[in-house]
Amino acid sequence: QVQLVESGGGLVQAGDSLRLSCAASGRTFSSGAMAWFRQAPGKERGFVAAISWSGGSTYYAESVKGRFTISRDNAKNTVYLQMNSLKPEDTAVYYCAGRRNTIATTTRTLYDYWGQGTQVTVSS
């Protein structure tokens with residue numbers, strides 16, 4: 001079993017940066033792909049970014065491409081989401097997700113583990 005705990009959210013202004021962290025416990029972390037999803041009020045949880053177990057493959061939603069960077073440190077059992085040039089439309093609860101499979105995917109239902117989420121609010 002893997003437990004995921006997100007941190008790093010907060011209230012920032014448009015144009016600012018934030019780095020989210022997701023600390024994982026459990027011996028299977030380093031062998032599985034990881035991802036970030038987000039959910040704004042009244043909307044479905046949507047894909048943001050994903051990374052393969054090795055870190056060699058990454059995927060991004062079009063809306064964040066060029067602004068967000070996903071990375072992982074398997075020695076620290078942690079995955080990160082660096083968010084630059086934040087916009088008000090990035091406001092959402094951000095969730096970390098993990099799967100036992102090594103291949104990253106953008107499909108929410110293919111992830112086996114989920115964190116509780118961290119709130120990111122971007123003011124204009």
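Quick caveat, the model's predicted, so the values are computed rather than measured.
A cation-pi arrangement, defined by a distance under 6.0 Å to the six-membered ring centre and an angle within 45 degrees of its axis, is absent between Arg108 and Trp114. Geometrically, Arg72 does not engage Tyr80 in a cation-pi contact, judged by NZ or CZ lying under 6.0 Å from the ring centre and within 45° of the ring axis.
Trp53 pairs in a side chain to side chain contact (heavy atoms under 4.5 Å, CB included) with only one of the listed residues (Ile103, Asn101, Thr102), which is Thr102. Each of Ile51, Leu18, Val48 was evaluated against Leu81; a single residue qualifies, Val48, per the side chain to side chain contact (heavy atoms under 4.5 Å, CB included) test. When Cys96, Cys22, Ser21 are each tested for a side chain to side chain contact (heavy atoms under 4.5 Å, CB included) with Ser7, only one passes: Ser21.
How far CG of Asn84 is from CG of Asp16: 10.0 Å, rounded to the nearest 0.5 Å. Summarising the geometry, atom OG1 belonging to Thr109 is positioned 9.5 Å from atom CZ belonging to Arg99; distances are rounded to the nearest 0.5 Å. The distance from the CG atom of Leu86 to the OG1 atom of Thr121 is 10.5 Å, given to the nearest 0.5 Å. With values rounded to the nearest 0.5 angstrom, Met34 atom CE is found 14.5 Å from Thr58 atom OG1. How far CD of Gln119 is from CG of Leu11: 9.5 Å, rounded to the nearest 0.5 Å. For the atom pair CZ (Arg38) and OH (Tyr94), the distance works out to 4.0 Å, reported to the nearest 0.5 Å.
Closest non-hydrogen pair, Pro88 versus Ala14, comes out as CD-CB, 4.1 Å. In plain terms, the two heavy atoms of Leu20 and Thr118 that are nearest each other are CD2-CG2, 4.0 Å. Closest heavy-atom contact between Glu6 and Gln116: OE1-N, 3.1 Å. The two residues Tyr111 and Ala50 have their closest heavy-atom pair at OH-CB, 3.7 Å. Between Met83 and Val120, the shortest heavy-atom distance links the atoms CE-CG2, 3.9 Å. When every heavy atom of Leu4 is checked against every heavy atom of Ala24, the shortest pair comes out as CD2-CB, 3.5 Å.
When atom types are taken as modelled, the side chain of Thr105 and the backbone of Thr107 share a donor-acceptor pair closer than 3.5 angstrom. Counting only distance, with no hydrogens or angles, the side chain of Thr78 and the backbone of Asp73 share no donor-acceptor pair below 3.5 Å.
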**Q.** Phe68 and Asp90: CA distance, side-chain angles, deciding distance, side chain to side chain contact (heavy atoms under 4.5 Å, CB included) verdict
**A.** CA-CA 11 Å; Phe68 290 12; Asp90 294 318; 3.9 Å; yes
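Ring geometry for Phe37 against Phe47 counts as perpendicular: the plane angle is over 60°, on a 0 to 90° scale with 30° as the lower cut.
Side chains of Tyr60 and Arg67: a donor-acceptor N/O pair is absent below 3.5 angstrom, by distance only.
A salt bridge links Asp112 and Arg100; the closest N-O separation between the charged side-chain nitrogens and carboxylate oxygens is under 4.0 Å.
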